[in-house]
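Worksheet: the structure to be examined is printed underneath.
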Amino acid sequence: QVRLVESGGGSVQAGGSLRLSCAASGGPFKDFSMGWFHHGPGNEREFVAAISRSGDSTVYADSVMGRFTISRDNAKNMVYLQMNSLKPEDTAVYYCNAGPSMARRAAGAYWGRGTQVTVSS
């Protein structure tokens, strides 16, 4: 059973930056692609970014392309989401996900509990 714990959320003004972290345990981390999804007010949970098992391939939602960067450290069982140039519409709970389909941008089986990101104008 894979366990995911997010951290790094908070409140920031528009134009600011945050770095989210996700610590994985309980499974073969390097065997999973990893991703981030978010769930904003009044919206469904949506794909944000994903990274391949080796880290050599990434994919992003159009809304975050050029602003967010996903990365991973397989030695530490960690995945990160660097968020720059944040906008109020980025306000959401951000969830770490293990095993997403990068081609379909669909979630895998394992979720963290989420971390709140609030961007004020």
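This is a predicted model, so every value here is computed, not measured. Quick note: numbers below take in every heavy atom, side chains included, and nothing from hydrogens, waters or symmetry partners.
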Rounded to the nearest 0.5 Å, what separates atom [atom1] in [X] from atom [atom2] in [Y]?
| X | Y | atom1 | atom2 | answer |
| --- | --- | --- | --- | --- |
| S33 | I51 | OG | CD1 | 10.0 Å |
| R113 | R3 | CZ | CZ | 7.5 Å |
| C22 | R72 | SG | CZ | 10.0 Å |
| M65 | T58 | CE | OG1 | 8.0 Å |

Applying a strict under-4.5 Å side-chain criterion to I, L, V, M, F, W and Y, I'd like to know whether [X] and [Y] cluster together.
| X | Y | value |
| --- | --- | --- |
| L20 | I70 | yes |
| V64 | L18 | yes |
| W36 | F47 | no |
| V48 | V59 | no |

* **For S54, all residues meeting side chain to side chain donor-acceptor pair (under 3.5 Å), sequence neighbours excluded** =>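 Side chain to side chain donor-acceptor pair (under 3.5 Å) list for S54, sorted by chain: D56.
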* **Test side chain to side chain donor-acceptor pair (under 3.5 Å) applied to E89 - qualifying residues, sequence neighbours left out** =>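 Once residues adjacent in sequence are excluded, E89 has no partner under the side chain to side chain donor-acceptor pair (under 3.5 Å) criterion.
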Show every disulfide bond (SG atoms under 2.5 Å apart) that has at least one partner inside [range], sequence neighbours left out.
| range | value |
| --- | --- |
| residues 35-75 | none |
| residues 27-66 | none |
| residues 37-79 | none |
| residues 40-74 | none |

* Asked: Going by the salt bridge (charged side-chain N to carboxylate O under 4.0 Å, His left out) test, which pairs reach into residues 32-52, not counting sequence neighbours?
  ->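 Passing the test, one end in residues 32-52: no pairs.
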Please table the atom pairs, donor to acceptor, closer than 3.5 Å between any side-chain atom in residues 76-86 and protein atoms at least two apart or in another chain.
from	atom 1	to	atom 2	distance (Å)
Q82	NE2	N84	OD1	2.9
N84	OD1	S17	OG	2.9

* With sequence neighbours left out, what residues match P28 under side-chain contact (heavy atoms from CB on, under 4.5 Å)? -> D31, F32
Please tabulate, for the side chains in residues 91-109, all donor-acceptor contacts under 3.5 angstrom to protein atoms that are two or more places apart in sequence or on a different chain.
from	atom 1	to	atom 2	distance (Å)
T91	OG1	P88	O	2.9
T91	OG1	V119	N	2.9
T91	OG1	V119	O	3.3
Y94	OH	H38	ND1	3.2
Y94	OH	D90	O	2.6
N97	OD1	G108	N	2.7
N97	ND2	G108	O	3.2
N97	ND2	Y110	O	3.0
S101	OG	R104	N	3.1
R105	NH1	Y60	O	3.0
R105	NH2	Y60	O	3.4

* Could you tell me which non-hydrogen atom of R53 sits nearest to which non-hydrogen atom of K30, and how far apart they are? =>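 For R53 and K30, the tightest heavy-atom pair comes out as CB-O, 3.3 Å.
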